[in-house]
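Only one structure is covered here, and it is reproduced in the block below.
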Amino acid sequence: MRKNVKPVIFLMADDDPDDRLLIKEAFQESLVSNSIYFVEDGVELLDYLRCQDKFSNPKDAPTPDLILLDLNMPRKDGREALAEIKSDPSLRYIPVVVLTTSKAEEDIMRSYDIGAASYITKPVTFDGLVEAIRGLGQYWVQIVRLPVMGKTNE
Amino acid sequence: MNNDMTDQSQPITILAAEDDPDDRVLVEEAFQESGQDNSLYFVQDGIELLQYLRKQGSYMIPATAPRPDLILLDLNMPRMDGRDALAEIKADPVLRCIPVVVLTNSNAQADILRTYDLGGAGFIIKPETFEGMVEVAKGLNQYWFEVVELTSGEFIKKVKHNNTAHSFLG
């Protein structure tokens with residue numbers, strides 16, 4: 001098991017401010033050495049990835065190694081954003097992990113069908129969330145290798 | 001303490017495509033050692049992998065070739081290599097819901113990038129030691145079967161029933 005050389009950058013798209021805070025705290029509990037950035041819906045997510053609008057300065061929007069994606073968001077929801085990312089040759093190499101409250105089989109299947117790398121149901125407790133984030137970090141940071149590319153913020 | 005993470009108690013089926021007999025033994029023993037109740041199946045190249053998934057040739061009896069929850073894929077194999085097999089799986093509407101994790105000796109950036117570009121759900125460099133492989137087996141089990149939700153074959157069958165020509169799920 002070899003670690004990825006540079007710290008892994010996570011980008012989370014979630015419209016709920018409470019959920020963003022919980023995720024941030026769960027990251028601090030379990031993945032201190034990695035950074036996490038947040039956007040609030042699918043439109044912002046694509047803007048971030050394409051360095052558009054308020055994300056035009058690469059320093060504020062480093063290319064993520066992994067995207068965490070909520071499904072139900074205003075303006076552009078997670079399903080649309082996922083489909084758009086996976087049909088864009090310059091973005092589709094970035095693994096997208098769906099992290100949502102939905103346990104519907106249809107959401108699970110559709111997410112994998114349009115190219116999600118995994119699907120995680122948000123645990124209801126904070127302890128559960130910390131465990132899930134720890135498991136996520138263990139897999140994507142410790143066990144697998146991710147592409148080393150894109151712009152960096154170093 | 002947290003039921004969300006432990007409620008997937010079905011037997012876990014993993015299908016590994018690996019042409020090297022020594023590596024097959026290594027993977028099998030590592031999963032046994034990992035302490036999880038895995039059903040592990042092996043195929044030897046990309047052609048066999050696709051035949052298994054499509055229930056063709058010697059894989060026509062469902063009991064001997066159950067739908068895998070997860071596919072482990074070597075990259076360098078004869079006949080059809082892992083890159084071509086991955087592309088074919090991810091282009092198939094019935095098969096592409098199954099996560100594919102590459103497990104290979106390659107550490108080439110081009111292979112890593114291509115794996116994710118084609119829709120792979122992980123790229124793991126084969127550990128050099130047995131202990132390392134056990135750690136990988138534990139990590140795979142923990143992530144894919146405790147943290148993550150997977151699709152059930154039955155549900156896919158229901159949804160895709162009307163618009164696919166070949167039938168993976170009977």
Side-chain angles (χ1 to χ4, degrees), chain A residues 1-2 4-5 65-66 86 88-150, chain B residues 1-7 90 93-94 96-104 106-125 127-129 131-140 142-156 158-160:
Chain A
M1 273 204 286
R2 291 169 56 189
N4 288 289
V5 182
D65 299 295
L66 187 84
K86 291 301 161 187
D88 183 329
S90 65
L91 300 178
R92 68 174 172 224
Y93 72 89
I94 305 172
V96 177
V97 173
V98 170
L99 183 61
T100 177
T101 47
S102 166
K103 275 196 109 154
E105 275 225 73
E106 185 159 359
D107 281 332
I108 300 174
M109 196 209 79
R110 196 161 154 201
S111 296
Y112 283 109
D113 195 48
I114 46 183
S118 342
Y119 186 104
I120 299 175
T121 303
K122 270 181 202 160
V124 284
T125 65
F126 183 68
D127 284 349
L129 188 65
V130 171
E131 273 306 298
I133 297 297
R134 188 173 287 139
L136 178 92
Q138 164 109 41
Y139 181 74
W140 290 104
V141 179
Q142 311 272 352
I143 293 182
V144 308
R145 296 292 293 269
L146 292 163
V148 180
M149 63 180 302
Chain B
M1 88 183 171
N2 171 31
N3 292 326
D4 284 346
M5 316 257 311
T6 52
D7 61 359
K90 290 301 165 186
V94 179
R96 68 174 171 230
C97 292
I98 305 171
V100 179
V101 175
V102 165
L103 180 64
T104 177
S106 165
N107 61 2
Q109 271 301 316
D111 281 332
I112 298 177
L113 182 62
R114 191 159 163 199
T115 292
Y116 289 105
D117 193 58
L118 289 172
F123 186 100
I124 299 174
I125 299 167
E128 283 158 20
T129 64
E131 289 71 25
M133 193 57 227
V134 173
E135 283 304 302
V136 165
K138 280 183 184 164
L140 284 169
Q142 209 245 331
Y143 182 68
W144 288 103
F145 307 112
E146 288 175 34
V147 177
V148 163
E149 308 275 347
L150 296 166
T151 53
S152 76
E154 281 310 305
F155 187 79
I156 297 170
K158 230 185 314 176
V159 174
K160 306 257 174 174

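The chains referred to below are lettered A, B, ... by the order of the sequence lines, with proteins before strands, and numbering in each begins at 1.
Here Ser118(A) is the residue among Gly135(A), Ser111(A), Ser118(A), Pro89(A) with the most heavy-atom pairs under 4.5 Å with chain B.
Atom CG of Asp107(A) is separated from atom CD of Glu149(B) by 11.0 Å, given to the nearest 0.5 angstrom. Atom CG of Leu113(B) is separated from atom CG of Leu146(A) by 11.0 Å, given to the nearest 0.5 angstrom. For the atom pair CZ of Arg92(A) and CG of Asp117(B), the computed distance is 4.5 Å after rounding to the nearest 0.5 Å. Note that CD1 of Ile125(B) is 4.0 Å distant from CZ of Arg145(A), once rounded to the nearest 0.5 Å.
Side-chain contact between Ile112(B) and Tyr93(A) is absent, with no heavy atoms from C-beta onward closer than 4.5 Å.
Only the side chain of Val101(B) comes within contact range of chain A, with heavy atoms under 4.5 Å apart.
Contact detail for Ala117(A) and Ala121(B): the closest heavy-atom pair is O-CB, 3.5 Å. Closest approach of Arg96(B) and Asp113(A) over heavy atoms only: NE-OD1, 2.9 Å. Minimum interatomic distance between Thr151(B) and Met109(A) (heavy atoms only, all atoms of both residues): CG2-CA, 3.4 Å.
Ring planes of Tyr139(A) and Tyr143(B): parallel class, angle under 30° (limits at 30 and 60°).
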